[in-house]
Q: 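Attaching a single structure in structure tokens format; questions to follow.
Remember, it's 1-based here, ligands and their atoms both numbered in the order they're listed.
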Amino acid sequence: MQSALRRTILITGANKGIGYVTVERFLSESTPYDIILTSRDVKLGEKALTTLQSKYPNSTSTLTYHQLDVNDEKSVKNLVASIKKSNTKIDVLINNAGILFNNATEEQKHLTVKTNYFSVVNLTEKLLPFLSDDGKILQVSSLLGQLGIQGETLRNALSEPNLTESKLNEIANNVTKLMDDYKPVGPFTEPSYPASKAFLNAYVRHFLPSKVKSTQQIYAIHPGWIQTELGGPEAPGKLEEGADTIAYLTGLPFVVNSEINARMIGDRKLMEF
Ligand code: NDP
């Protein structure tokens, strides 16, 4: 019976920001979940865990912690080994961890693409064997990843009708050579962040669908422009609002809806991506 089934959620980068308030949202809801909160810094993650556990002592959900630095292969391996050993099936994988540097150096541009794109793909694919048959993958992307926002050079490269995954990865590796014609959007002047999310969107649109089962759901999400360290203080969205679309998609039936599957969702609605 669907209602008796406890769903397991694994979320990355949940010691602060949107990840943290998303866990808080789940704990405060009546639906019981088994939540695995992860963070790259153990102290920060354990602090988040104890703060949330003491704030919601009567939650119907359980909360456990696992260290995870998405850029660290050893850390990813440890997480996967632990999931395997405990025979855990993940029902909802929320790839939330992300970074943005303003006026990034060349090295920071590559780190942005690694964290927001390559490491998301890597973790997703390492965890695919442990995703339930009707599981969901929520890739926290951004409105800034929309194709139309990228500079013409990158937009054209990503719009190639014969784009393959290895071509996409080649583009992502050469990102610093393809962004000269990026036009800043509002206060976001740094092109590597939009590019990294455009790569993630391309993966959701073109390549992830054939890697999951026809009963599994995948989404790119724009959580809104939210007041976090990454979003900045002038963002119009309050921190709690950043959890809304993620919680909404988590709460939808575990049945594929082809009208929204493999698309980008923001403010609970379909968006161009
Ligand atoms: P924050 O900076 O508040 O939080 C980012 C989280 O990601 C932190 O927990 C951070 O950990 C973690 N993180 C960064 N690098 C790694 C890594 N290598 N491994 C594991 N965790 C890591 O940002 P937000 O909460 O705003 O962002 C969450 C997601 O939402 C991101 O993917 C972002 O791109 C997206 N987003 C945010 C928007 C906004 O307006 N805020 C708008 C659109 C999308 P640590 O504390 O250790 O740095």
Side-chain angles (χ1 to χ4, degrees), residues 10-25 36-49 51-52 65-79 93-102 104 108 110-124 126-127 137-146 149 185-188 190 192-201 203-204 219-247 249 264-267 271 273:
L10 188 143
I11 180 163
T12 67
N15 54 291
K16 69 177 181 196
I18 292 170
Y20 180 87
V21 290
T22 300
V23 174
E24 179 156 16
R25 170 80 170 256
I36 306 168
L37 181 161
T38 72
S39 71
R40 61 177 162 180
D41 184 294
V42 175
K43 273 204 184 118
L44 295 178
E46 289 184 342
K47 183 161 176 266
L49 181 90
T51 307
L52 287 166
Y65 174 73
H66 205 289
Q67 192 276 342
L68 176 64
D69 180 334
V70 297
N71 289 342
D72 176 358
E73 205 47 55
K74 209 170 132 201
S75 171
V76 172
K77 241 176 139 179
N78 281 341
L79 174 82
L93 168 62
I94 306 174
N95 280 309
N96 163 76
I99 54 169
L100 180 160
F101 295 100
N102 291 313
Q108 288 170 332
H110 285 294
L111 184 59
T112 302
V113 171
K114 178 173 180 172
T115 310
N116 297 353
Y117 169 58
F118 284 115
S119 293
V120 177
V121 171
N122 181 46
L123 184 68
T124 299
K126 295 253 163 64
L127 289 179
I137 300 172
L138 311 186
Q139 311 290 28
V140 181
S141 183
S142 170
L143 169 92
L144 294 174
Q146 285 178 333
I149 280 177
V185 178
F188 299 102
E190 169 55 43
S192 61
Y193 177 81
S196 68
K197 298 294 191 179
F199 302 145
L200 182 59
N201 289 352
Y203 175 70
V204 171
Y219 300 99
I221 294 178
H222 172 58
W225 183 13
I226 304 295
Q227 284 162 15
T228 62
E229 208 168 298
L230 186 150
E234 73 273 44
K238 298 256 178 309
L239 184 54
E240 293 70 29
E241 292 167 34
D244 188 66
T245 296
I246 303 172
L249 289 171
M264 180 142 90
I265 314 291
D267 206 11
M271 291 178 73
F273 74 148

Q: Any side-chain to backbone donor/acceptor pair from S119 onto K114? Under 3.5 Å, distance only.
A: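 A pair under 3.5 Å: yes.
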
Q: For V140, counting its heavy atoms only, list the atoms of ligand 1 lying under 4.0 Å from any of them.
A: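 In order of number, 29 (C), 30 (O), 32 (O), 35 (C).
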
Q: Will you find, in the side chains of T124 and Q139, an N or O donor that is under 3.5 Å from an N or O acceptor?
A: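 Present: a donor and an acceptor within the cut-off.
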
Q: Quick one: are T22 and N96 in side-chain contact, heavy atoms under 4.5 Å?
A: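 Answer no - side chains too far apart.
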
Q: Hey, is D244 close enough to R25 for a salt bridge, meaning N to O under 4.0 Å?
A: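 Counted as a salt bridge, because a side-chain N and a carboxylate O are separated by less than 4.0 Å.
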
Q: Purely on distance, is any nitrogen or oxygen of K197 under 3.5 Å from one on ligand 1?
A: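 It does: an N or O of K197 is found under 3.5 Å from an N or O of ligand 1.
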
Q: Taking both backbone and side-chain atoms of I226, is any N or O found less than 3.5 Å from an N or O belonging to ligand 1?
A: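 Min N/O separation from ligand 1 is below 3.5 Å for I226.
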
Q: At less than 4.0 angstrom from any non-hydrogen atom of N71, what atoms of ligand 1 do you find?
A: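 Reading through ligand 1 atom by atom, the close ones are 18 (N).
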
Q: So which bit of L230 gets within less than 4.0 Å of ligand 1, heavy atoms only: side chain, backbone, both or neither?
A: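 Both backbone and side chain.
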
Q: Side-chain contact test, heavy atoms from C-beta onward, threshold under 4.5 Å: evaluate it for L68 versus S75 and give yes or no.
A: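 In contact.
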
Q: Under a 3.5 Å distance rule, please check whether Y65 uses its side chain to pair with a backbone N or O of K47 as donor and acceptor.
A: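 Side chain of Y65 to backbone of K47: no pair is present.
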
Q: Give yes or no for whether the N/O distance cutoff of 3.5 Å, strictly under, is met between R40 and ligand 1.
A: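 Yes, there is a polar N/O contact under 3.5 Å.
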
Q: Which atoms from ligand 1 have a heavy atom of G231 less than 4.0 Å away?
A: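 Counting from 1, the qualifying ligand atoms are 39 (C), 40 (O), 41 (N).
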
Q: I'd like the name of whichever of G224, G242, S142 reaches closest to atom 38 (C) of ligand 1 through any heavy atom.
A: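 Answer by nearest heavy atom: G224.
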
Q: Return a yes/no value for W225: is any of its N or O atoms, backbone included, closer than 3.5 angstrom to an N or O of ligand 1?
A: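 No: no nitrogen or oxygen of W225 is under 3.5 Å from one in ligand 1.
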
Q: Got a sec, which residues hit ring pair (Phe, Tyr, Trp, His ring centres under 6.0 Å) with Y193, two or more places apart in sequence or on another chain?
A: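 Expected list: none.
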
Q: Output, in order, the C-alpha distance, side-chain angles, deciding distance and verdict of side-chain contact (heavy atoms from CB on, under 4.5 Å) for E241 and I226.
A: CA-CA 7 Å; E241 292 167 34; I226 304 295; 4.2 Å; yes

Q: Which part of T38 is near ligand 1, with near meaning a heavy atom under 4.0 Å away: side chain, backbone, both or neither?
A: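 It is neither part, as no heavy atom is under 4.0 Å.
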
Q: Between the side chain of S141 and the main-chain N/O of N201, is any donor-acceptor distance below 3.5 Å?
A: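 Answer holds: no.
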
Q: Given side chains that start at C-beta, do those of L111 and N71 come closer than 4.5 Å, heavy atoms only?
A: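 Touching, per the 4.5 Å side-chain cut-off.
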
Q: For ligand 1, is there an N or O atom under 3.5 Å from any N or O atom of N15?
A: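 N15 vs ligand 1: N/O contact under 3.5 Å present.
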
Q: Could you check which of V70, N96, I18 puts a non-hydrogen atom nearest to atom 29 (C) of ligand 1?
A: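 Among V70, N96, I18, the closest heavy atom to atom 29 (C) of ligand 1 belongs to N96.
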
Q: Heavy atom of P223 under 4.0 Å from ligand 1?
A: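 Checking ligand 1 against P223, which is what was asked, there is a heavy-atom contact under 4.0 Å.
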
Q: Is any N or O atom of G13, backbone or side chain, closer than 3.5 Å to an N or O atom of ligand 1?
A: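 Looking only at distances, the answer is yes, because the N/O contact criterion of under 3.5 Å is met.
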
Q: Give the residue and atom name of whichever protein heavy atom lies nearest to atom 5 (C) of ligand 1, and the separation in Å to one decimal.
A: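 Protein heavy atom at minimum distance: G98 O, 3.6 Å.
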
Q: Does E234, at its CD atom, have more than 12 non-hydrogen atoms belonging to other residues, nucleotides or ligands within less than 6.0 Å?
A: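 Enclosed: over 12 neighbouring heavy atoms sit under 6.0 Å from CD of E234.
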
Q: Report yes if some N/O of D69 lies less than 3.5 Å from some N/O of ligand 1; otherwise report no.
A: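 By distance alone, the answer is yes.
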
Q: Please report which non-hydrogen protein atom sits nearest to atom 24 (P) of ligand 1, along with the residue it belongs to and the distance in Å to one decimal place.
A: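 Result: T228 OG1, 3.6 Å.
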
Q: At a 4.0 Å threshold, what atoms of ligand 1 neighbour a non-hydrogen atom of K16?
A: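 So the atoms of ligand 1 that pass are 1 (P), 2 (O), 3 (O), 4 (O), 8 (C), 9 (O), 46 (O), 48 (O).
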
Q: Would you check if the side chain of K197 reaches a backbone N or O of V140 as a donor-acceptor pair within less than 3.5 Å?
A: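 Pair found, side chain donor or acceptor close to backbone of V140.
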
Q: Suppose I only count heavy atoms of I99 and a 4.0 Å limit; which atoms of ligand 1 are within that range?
A: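 By the 4.0 Å cutoff, the relevant atoms are 14 (C), 15 (N).
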
Q: State, to 0.1 Å, how close I149 and L144 come at their nearest heavy-atom pair, and which atoms those are.
A: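 Shortest heavy-atom contact: CG2-O, 3.6 Å.
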
Q: Nearest protein heavy-atom contact for atom 44 (C) of ligand 1: which residue, which atom, what distance?
A: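 Closest protein heavy atom to atom 44 (C) of ligand 1: S141 O, 3.0 Å.
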
Q: Heavy-atom contacts with Y193 under 4.0 Å: which atoms of ligand 1 show up? List them by number with element.
A: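 With Y193 as reference, the close atoms of ligand 1 come out as 33 (C), 34 (O), 35 (C), 36 (N), 43 (C), 44 (C).
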
Q: Taking 4.0 angstrom as the limit and counting only heavy atoms of E229, give me the atoms of ligand 1 inside it, by number and element.
A: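 What qualifies from ligand 1 is 2 (O), 3 (O).
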
Q: Could you tell me the residue and atom name of the protein heavy atom closest to atom 22 (C) of ligand 1, and the distance to it rounded to 0.1 Å?
A: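 Ranked first by proximity to atom 22 (C) of ligand 1 is A97 CB, 3.6 Å.
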
Q: Would you mind running through ligand 1 and noting each atom that sits below 4.0 Å from a heavy atom of L68?
A: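 Heavy-atom distances to L68 below 4.0 Å select 19 (N), 20 (C).
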
Q: Could you report the tightest heavy-atom contact between N116 and L200, atom names first, then the distance?
A: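 Heavy atoms only, the tightest pair is O-CD2, 3.8 Å.
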
